[in-house]
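Structure record follows, encoded as structure tokens.
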Amino acid sequence: MPVDATTTHAWGSLTELSANLVPDLRGWFAADPDRAGRYTHQAADLHVDLSKNLVTDEVLATLLALADEVGLTERRDAMFAGEHINVTEDRAVLHTALRRPSDQPLTVDGQDVTGDVADELAKVYAFAEKVRSGEWTGVTGERVRTVVNIGIGGSDLGPVMAYEALEPFVQDGLEVRFVSNIDPTDVAQKTADLDPTTTLFIVASKTFGTLETLTNARLARDWLWRSLVAAGAIEDSDEGRSDAVAKHFVAVSTALDKVEAFGIDPANAFGFWDWVGGRYSVDSAIGTSLAVAIGPDAFADLLAGFHAMDEHFRTTPLDQNVPVLMGLLNVWYTNFRNAHTHAVLPYAQQLHRFPAYLQQLTMESNGKSVRWDGSPVTTDTGEVFWGEPGTNGQHAFYQLIHQGTRLIPADFIAVANPAYPLTDAVGDGKDVAAGADVHGLFLANFFAQTKALAFGKTPDEVRAEGVAEELVSARTFPGNRPTTSILAPALTPSVLGQLVALYEHITFVQGVVWGIDSFDQWGVELGKKLALEIAPAVVGDEAALAAQDPSTAALITRYRELRA
Ligand code: F6P
């Protein structure tokens, strides 16, 4: 049975501390010149500054006491050891084993986990090398130029996010595209300009039972057959078609029997295990498309980055443990400061899919109303995560973060060395000097935003600029808007692994405090089932239509009319 966090001594103290807390980042920094230093931590290559959060030493100490009272370290150790902490599915939670060095054996439920991971990874790497070297060819003997990953949720968001983030590491002449949506536009657009003889599809699905993925896989297979026949590359025969699938389709799944039923040779399938949740699987064989794109060495570097953050989480004292501190801060804002959302703002264009990736990681994990023993939660859980890369967000929604009525904690993430270090040769003759380093200008925005959010601008400062009195309030910035700043040397595969693992563990910490199972996702099932029940009504089954509620029936009817 989970500890009910709200009954702990620390929870009572935090409630009291929050009631008496008047956030004052200006005052706190003025009174404590070492605040930035004391609240900044290093986790692997990540420099993490927590000092602009709305906490005092006492609040932080009490949050750490809460972690102690809910048994965070015991739960963490149980996860690493492979105990079945995914209670509702009776499974171990071992994504950390995917990046565990092979010389650190781990046996769970009688399975040699480390050995199995190493064997499967070797298969993925060998396949990646074959594609990259041109040894793997399509039906006409052409090498692969485009890999199309077909998957959704964790079988899409991780690979696409990482592919975009690591674009400078992608082999020249290779491209990966990602098809996820069952909207037929997705597969149609992504295949429209492709040469079938140089295209390889990877069907990625943990269960190999997901409607969207299997439908898209069939559409892609059909496109492949049609276009290869049209190009005269295969005979329009069973033999021609099965040869095309053998050379242009591979799969990633835990359900290898279903892969075979689809027509893909199990020899061309890469497996993983039920103890890897979909949203925690980018570093399993689900990352095969990425391994092809960036190559085994870079993929191994990614895994090493994950592991470095795992080790930080597993071994660092809690008061310097970044995922623990960031998870506890999220609890503080959600449960004691009435925050409902959390912004993630990468100041790195290549991380533009990172917020979308985090949405599944955090919200599918912690969007729960019952605890792991089935009893109702005792407090709010699961913030809404959202975000866009800076500086785009500045010109869109930052207004609300700066001057709105809602508290929105925000994580700012940047790397110091850009992949494309351009200079502005000409400048603008005013604010931007000729020869200016554009990345420096970019990061000046990061530093300016976090500063403005923390310290704001007082009415007197506005007046001192000569602003008319009636405009002073509109131009005042209240400040005390909390941010965490994360800086890394460069967006290497290792740093990306560290970042992803950081958020995995933050999510875990919050789940432990709330007493929930962060590794199941029953909330997605009802809609999937209803879609299958409704589908006949959409295509004309009148009895199925009559069985719908009036609103749904009217919408389906209107859709049918509009389609006609
Ligand atoms: O519907 C949610 C979900 O089960 C996710 O948890 C998962 O990542 C996604 O669907 C895709 O599932 P699969 O990899 O089995 O196709």
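Just follow the structure's listing: the first ligand is 1, and inside any ligand the first atom is 1. All figures in this text were calculated on a predicted structure; none of them were measured in a lab.
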H95 and ring pair (Phe, Tyr, Trp, His ring centres under 6.0 Å): which partner among Y280, F306, W273?
Y280

Does E525 have a heavy atom less than 4.0 Å from any atom of ligand 1?
no

Which of the atoms in ligand 1, numbered in the order shown and given with their element, are less than 4.0 Å from a heavy-atom of Q521?
6 (O)

D119/K123 salt bridge by N-O under 4.0 Å criterion
no

Under 4.0 Å from one or more heavy atoms of G154, ligand 1 contributes atoms 7 (C), 8 (O)

Considering only the protein, which heavy-atom contact is closest to atom 9 (C) of ligand 1, and what is its distance?
I152 O, 3.6 Å

Looking only at protein heavy atoms, which one is nearest to atom 6 (O) of ligand 1, and how far off is it?
E364 OE1, 2.8 Å

Among protein heavy atoms, which lies nearest atom 10 (O) of ligand 1, and at what distance?
K528 NZ, 4.4 Å

Can you tell me how the ring of F519 sits relative to the ring of F508, calling it parallel under 30°, perpendicular over 60° and tilted otherwise?
tilted

Which protein heavy atom lies closest to atom 15 (O) of ligand 1, and at what distance to 0.1 Å?
T207 OG1, 2.6 Å

Could you check whether atom NZ of K130 has more than 12 heavy atoms from other residues, nucleotides or ligands sitting under 6.0 Å from it?
no

Selection residues 205-223 - residue pairs positive for salt bridge (Lys or Arg N to Asp or Glu O under 4.0 Å), sequence neighbours left out
D222-R226

Hey, is K206 touching ligand 1 through its side chain, its backbone, both or neither, going by heavy atoms under 4.0 Å?
both

Looking only at protein heavy atoms, identify the closest one to atom 12 (O) of ligand 1 and say how far it is in Å.
T210 OG1, 3.5 Å

Check each of T492, D45, D310 against Q498 using the side-chain hydrogen bond (donor to acceptor under 3.5 Å, both in side chains) test, and report the only one that passes.
D45

Could R91 and W275 be counted as a cation-pi pair, given that NZ or CZ must be under 6.0 Å from the ring centre and within 45° of the axis?
no

Within 45° cone and under 6.0 Å: R75 NZ/CZ vs W372 ring:
yes

Show the atoms of ligand 1 that are less than 4.0 angstrom away from any heavy atom in V524.
1 (O), 2 (C)

Distance-only side-chain donor-acceptor flag, Q510 / N330, under 3.5 Å:
yes

Under 4.0 Å from a heavy atom of Q360: give me the atoms of ligand 1 that qualify, with their elements.
5 (C), 6 (O), 7 (C), 8 (O)

Tell me whether S205 has any N or O atom under 3.5 angstrom from an N or O of ligand 1.
yes

Is E212 near ligand 1, meaning one of its heavy atoms is under 4.0 Å from it?
no

